[in-house]
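Worksheet: one structure, shown below.
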Amino acid sequence: MSEEARKQRIEEINQMRSEGIEPYPYRFEKTHWAGQIKEDFSGLKDSETREDITVRTAGRVVAMRNHGKSTFFVLRDNTDRIQAYIRLDGVGAKKFEVFKKYVNIGDFVGVTGFPFKTHTGEISIFVKHFEILSKAIRMMPEKWHGVKDKEIIYRQRYVEMLSSDEALERFRIRSELFRLVREFLQSRDFVEVDTPMLHYLTGGASARPFKTHINVFESEMYLRIAEELFLKRFLVGGFERIFEIGKNFRNEGVSYKHHPEFTMMELYWAYADYNDIMDITEEMINYVVREITGSEIITYQGKEIDFSRPWRRVKMASFIEENLGVDILEDSNDEMIAVLKKHNAEPDIKERGHLIEKLWDLVEHNLVNPTFVTEHPVIISPLSKIHREDPRVTERFELIISSMEMANAFSELNDPIEQCDRFLHQAGLRDIGDEEAQMMDQDFIRALEYGMPPTGGLGVGWDRIIMLVTDAPSIRDIIPFPLVRPISFDEEEALSNSEE
RNA sequence: GGGCCGUUAGCUCAGCAGGCAGAGCGAUUGAUUCUUAAUCAAUAGGUUGCAGGUUCGAUCCCUGCACGGCUCACCA
């Protein structure tokens with residue numbers, strides 16, 4: 001039937017044109033948003049009209065209640081919904097017929113009229129003129145349950161958005177969050193820069209990259225897994241406070257907190273160290289959360305998360321030792337393997353760094369409130385400076401909230417000789433089959449040889465913060481168009497049903 | 001990749017110990033000039049995800065596949 005309904009709509013459109021009505025006109029001038037009208041005229045008394053005022057607004061028709069010679073319908077725009085009231089003696093018999101015949105739920109309509117409040121107290125527009133602005137030929141989802149099918153929600157996000165104010169709000173918050181982050185950083189003299197997404201070498205993180213190929217240079221390329229190494233070249237060049245917000249790509253698993261394409265922000269602050277970065281991270285995330293949710297304490301998936309400062313700080317080695325009784329700084333690999341075996345979490349590669357990462361994974365889920373985990377061993381931190389007081393660890397922290405790693409930061413290693421050694425160690429890992437180990441980047445070393453100021457750097461996975469502030473259970477819920485398994489359009493149409 | 005669950009009308013969902021496939025919304029037609037999940041009357045709408053098997057007969061039982069969700073593994 002949907003197919004039949006669609007054909008009927010197409011037939012209607014032809015009919016409209018034959019009557020000289022354009023179903024897809026070019027523009028409409030709004031004087032008010034729906035939300036504005038509600039706000040501006042909230043003071044009206046029931047049944048009060050303001051015929052002296054003319055408002056013009058437009059949106060999608062999301063509800064229609066026909067009464068014969070009058071009709072109530074609801075327009076939804078990007079601010080709110082507003083009720084409109086059209087009646088025969090308001091627009092004339094001819095136009096009223098056009099409305100009844102051609103305006104359906106789902107169409108975009110522009111109206112001109114005056115504001116009034118109904119007997120029952122709803123601010124509405126009394127329609128004097130209306131224009132059909134765009135005809136929809138597919139049927140809208142169910143009006144109060146909306147779309148629940150995850151398949152439609154992820155593959156046809158526009159359908160979720162057009163039928164769910166909550167979905168619209170979720171993505172509005174996403175945008176608002178990045179606006180707040182920029183505002184926060186710009187007010188502290190950080191400059192937004194951008195670096196390439198196509199790399200000949202991957203670095204700055206441990207992850208498997210997506211491979212691609214560039215025809216002009218007949219060379220293999222990778223989509224970036226981090227911004228880090230290019231941003232540091234900015235520091236060599238003379239920038240002192242920079243940040244970049246952009247997509248990174250990691251050719252790895254998908255889970256509620258992992259998505260192959262995600263939005264990362266990196267920030268570099270010359271003459272600062274990881275303690276300064278910890279402070280600014282705390283301040284920035286606390287600010288963003290407060291601005292968006294209005295509170296320092298939020299509920300995420302039924303759990304309370306308290307963002308009030310200062311945040312807890314724990315040393316990685318102490319935290320692991322407290323929870324698992326193994327010392328990642330002093331105990332032997334065999335001792336660590338024994339503990340991992342007990343938890344059935346032995347990694348494939350029995351190299352010390354991997355063992356430490358594995359042990360960490362076992363305890364990470366114990367952290368709900370924002371917690372800085374600090375002083376990571378040197379072996380798993382190839383881009384961090386050695387700790388000024390303990391040569392076994394680095395000046396590094398990760399921020400954990402709700403068992404998710406939200407940020408990673410360190411006093412950036414700027415000693416070119418040592419950086420070269422660290423890369424060599426990573427290269428050794430690649431040789432023993434670690435596809436995630438970093439590649440030697442000789443141009444980056446060369447850049448460091450020209451001198452980079454002491455610098456604190458930070459990476460934040462904002463997608464996950466957005467999950468928290470929107471109470472979204474999965475990262476796919478806050479990425480507007482998440483990656484989905486490809487299926488042919490025919491199959492997809494079979495799912496949403498319709499078509500040819 | 002493993003385990004569990006799911007896929008029925010455009011949407012949200014029922015259903016059947018194997019026996020002509022249902023409701024609400026939405027759509028169409030009609031009535032209705034203050035409704036708001038409007039109301040009332042009528043109509044249309046389905047290869048029950050796909051392919052096999054068992055059976056007189058399968059939406060239902062079995063197998064395989066596709067897609068999705070959760071979870072474990074993997075992974076910042």
Side-chain angles (χ1 to χ4, degrees), chain A residues 1-9 11-12 46-47 49 62-74 81 83-90 96 100-101 104-106 116-122 124 126 136-155 159-160 163 204-208 225-226 248 250-260 262 264 344-348 354 357-358 360-361 364 380 398-400 403-408 435-436 459 461 463-464 473-474 476 484-488 490-499:
Chain A
M1 167 59 182
S2 77
E3 178 51 7
E4 212 169 297
R6 185 167 166 273
K7 286 210 171 98
Q8 271 170 22
R9 291 280 181 272
E11 184 42 42
E12 254 173 48
D46 289 358
S47 308
T49 62
V62 292
M64 182 127 63
R65 295 178 284 276
N66 185 281
H67 290 266
K69 295 193 178 64
S70 74
T71 296
F72 287 93
F73 58 104
V74 178
R81 295 165 179 243
Q83 179 171 265
Y85 180 51
I86 184 170
R87 49 188 229 196
L88 194 146
D89 58 11
F96 193 71
K100 280 182 80 165
K101 196 164 163 198
N104 293 101
I105 289 178
F116 76 106
K117 210 172 213 178
T118 63
H119 298 336
T120 47
E122 173 127 6
S124 309
F126 188 98
I137 61 177
R138 292 202 183 227
M139 297 209 288
M140 299 296 121
E142 215 262 3
K143 75 177 169 192
W144 54 82
H145 297 98
V147 182
K148 294 216 170 134
D149 185 343
K150 287 268 197 272
E151 186 118 17
I152 297 173
I153 287 174
Y154 293 146
R155 286 183 193 274
V159 175
E160 189 203 17
S163 62
S206 303
R208 264 191 294 247
I225 59 172
N248 284 351
R250 298 185 181 177
N251 207 342
E252 289 169 349
V254 175
S255 77
Y256 77 96
K257 58 180 172 181
H258 294 91
H259 192 262
F262 64 101
M264 173 94 130
N344 206 16
E346 251 183 303
D348 298 335
H354 284 79
E357 299 269 15
K358 264 307 190 206
W360 171 250
D361 288 343
E364 188 183 43
I380 58 171
E398 291 182 296
L399 171 65
I400 311 295
S403 316
M404 289 189 279
E405 181 198 321
M406 296 296 180
N408 184 19
E435 288 179 69
E436 288 153 25
D463 295 299
R464 290 174 176 176
S474 166
R476 308 176 110 205
V484 282
R485 190 178 292 276
I487 58 176
S488 77
D490 283 347
E491 281 177 73
E492 199 164 337
E493 280 299 275
L495 287 171
S496 78
N497 186 3
S498 23
E499 237 63 38

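Chain naming here is simple, since letters A, B, ... match the order of the sequence lines and numbering starts at 1 in each.
Looking at heavy-atom distances under 4.0 Å, A:Asn104 makes contact with sugar-phosphate atoms alone, never a base. Residue contacts shown for A:Lys358 are limited to sugar-phosphate atoms, with no base heavy atom under 4.0 Å away. As judged by a 4.0 angstrom heavy-atom cut-off over every strand, A:Phe116 is placed among the base-contacting residues. Backbone-only contact: A:Gly146 has heavy atoms under 4.0 Å from sugar-phosphate atoms and none from a base. The residue A:Ala207 sits close only to the backbone: its heavy atoms come under 4.0 Å of sugar-phosphate atoms, none of a base. Across all strands shown, A:Ser206 has heavy atoms under 4.0 Å from sugar-phosphate atoms exclusively, and none from any base. When heavy atoms are screened at a 4.0 angstrom cut-off, A:Glu252 is found touching the sugar-phosphate backbone but no base atom. Residue-level contact check: A:Tyr256 touches neither bases nor backbone, having no heavy atom under 4.0 Å from any strand.
Side chain of A:Met139, nearest nucleotide from B:rU35, B:rG68, B:rG10: B:rG10. Here B:rC75 is the nucleotide among B:rG68, B:rU32, B:rC75 with the atom lying nearest to any side-chain atom of A:Glu436. Looking at the side chain of A:Gln8, the nearest of the listed nucleotides B:rA27, B:rC75, B:rU12 is B:rA27. Residue A:Pro141 places its side chain closer to B:rC11 than to any other of B:rU12, B:rA38, B:rC11. Side-chain atoms of A:Arg476 lie closest to B:rG68 of the nucleotides B:rG68, B:rU12, B:rG45.
For the OP1/OP2 pair of B:rU35 and a distance below 4.0 Å, the side-chain nitrogens and oxygens of A:Arg65 include no atom meeting the criterion. Under 4.0 angstrom from either OP1 or OP2 of B:rG10 there lies no side-chain N or O belonging to A:Arg138. Dashed line: the shortest gap from a side-chain N or O of A:Arg9 to OP1 or OP2 of B:rU28 is under 4.0 Å. Applying the 4.0 Å criterion to OP1 and OP2 of B:rU12, one finds that A:Lys148 has every side-chain N and O outside that range. Regarding contacts with the backbone of B:rG68, a side-chain N or O of A:Arg155 is found under 4.0 angstrom from either OP1 or OP2. Taking 4.0 angstrom as the limit, A:Asn66 places none of its side-chain polar atoms (N or O) nearer than this to OP1 or OP2 of B:rG30. Proximity of A:Lys143 to the phosphate of B:rA38: a side-chain N or O atom is located under 4.0 Å from OP1 or OP2. Listed pair A:Arg485 / B:rG68 meets the phosphate criterion, a side-chain N or O lying under 4.0 Å from OP1 or OP2.
Contact annotation: side chain of A:Asp89 to base of B:rU33, donor-acceptor pair present below 3.5 Å. With hydrogens and angles ignored, no donor-acceptor pair closer than 3.5 Å exists between the side chain of A:Glu122 and the base of B:rU35.
Closest-nucleotide positions on RNA chain B for A:Val484 and A:Asn344 were compared, and the one nearer the 5' end corresponds to A:Val484. Each of A:Thr118 and A:His145 was assigned the nucleotide of RNA chain B with the nearest heavy atom; the assignment lying further toward the 5' end belongs to A:His145.
Here, B:rC25 and B:rA41 have their P atoms 11 Å apart, quoted to the whole Å. Comparing B:rC67 with B:rG24, their P atoms are spaced 35 Å from each other, to the whole Å. Rounded to the nearest Å, the gap between the C1' atom of B:rG3 and that of B:rA44 is 44 Å. Across the C1' atoms, B:rG69 and B:rU32 are found 45 Å apart, a figure rounded to whole Å. B:rU43 and B:rG49: their P atoms are spaced 28 Å apart (whole Å). B:rA23 and B:rG15 are spaced 15 Å apart, taking the P atom of each and rounding to whole Å. Taking atom P in both B:rG53 and B:rG1, one finds a spacing of 28 Å when rounded to whole Å. Taking the C1' atoms as reference points, B:rU47 lies 12 Å from B:rU8, given to the whole Å.
The aromatic rings of A:Phe72 and A:Tyr85 sit parallel to each other, their planes meeting at less than 30°, with 60° as the upper class boundary.
In this structure, a donor-acceptor pair under 3.5 Å is absent between the side chains of A:Ser206 and A:Glu436.
Atom CD1 in A:Ile153 sits about 8 Å away from atom P in B:rU12, given to the nearest Å. Atom CE in A:Met64 sits roughly 15 Å away from atom C1' in B:rC25 (whole-Å rounding). Spacing between atom CD1 of A:Ile105 and atom C1' of B:rG10 amounts to 13 Å, rounded to whole angstrom units. When rounded to the nearest whole Å, the span between NZ of A:Lys101 and P of B:rG30 equals 11 Å. Residue A:Asp46 contributes atom CG, which lies 16 Å from atom P of B:rC34 at whole-angstrom precision. Between A:His67 atom NE2 and B:rG30 atom C1' there is a gap of 16 Å when expressed in whole angstrom units. Per the geometry, CG belonging to A:Asn408 stands 17 Å off P belonging to B:rC75, to the nearest Å.
Pairing partner, B:rU33: none, since no Watson-Crick or wobble contact has both distances short of 3.5 Å. Pairing for B:rC67 goes to B:rG6, judged as Watson-Crick or G-U wobble with the two contacts each under 3.5 Å. Checking B:rU12 for Watson-Crick or G-U wobble geometry (two distances, each under 3.5 Å) identifies B:rA23 as its partner. Nucleotide B:rG57 has no partner under the Watson-Crick or G-U criteria, as no pair reaches both atom distances under 3.5 Å. Figure legend. B:rG52 is base-paired to B:rC62; pairs are counted as Watson-Crick or G-U wobble with both atom distances under 3.5 Å.
A salt bridge between A:Lys7 and A:Glu4 is absent, with no side-chain N of the basic residue lying under 4.0 Å from a carboxylate O of the acidic one.
A distance-only check finds a donor-acceptor pair linking the side chain of A:Glu252 to the backbone of A:Arg208 [under 3.5 Å]. The backbone N or O of A:Lys257 lies less than 3.5 Å from a partner atom in the side chain of A:Arg464, making a donor-acceptor pair. Counting only distance, with no hydrogens or angles, the side chain of A:Lys100 and the backbone of A:Asn66 share no donor-acceptor pair below 3.5 Å. The closest donor-acceptor contact from the side chain of A:Arg250 to the backbone of A:Ile225 lies under 3.5 Å.
The two residues A:Glu405 and A:Ile400 come nearest to each other via the heavy atoms CA-CD1, 3.9 Å. When every heavy atom of A:Ala136 is checked against every heavy atom of A:Gly106, the shortest pair comes out as CB-O, 3.5 Å.
Where stacking is scored as ring centres under 5.5 Å apart with planes under 30°, A:His119 registers as stacked on the base of B:rC34.
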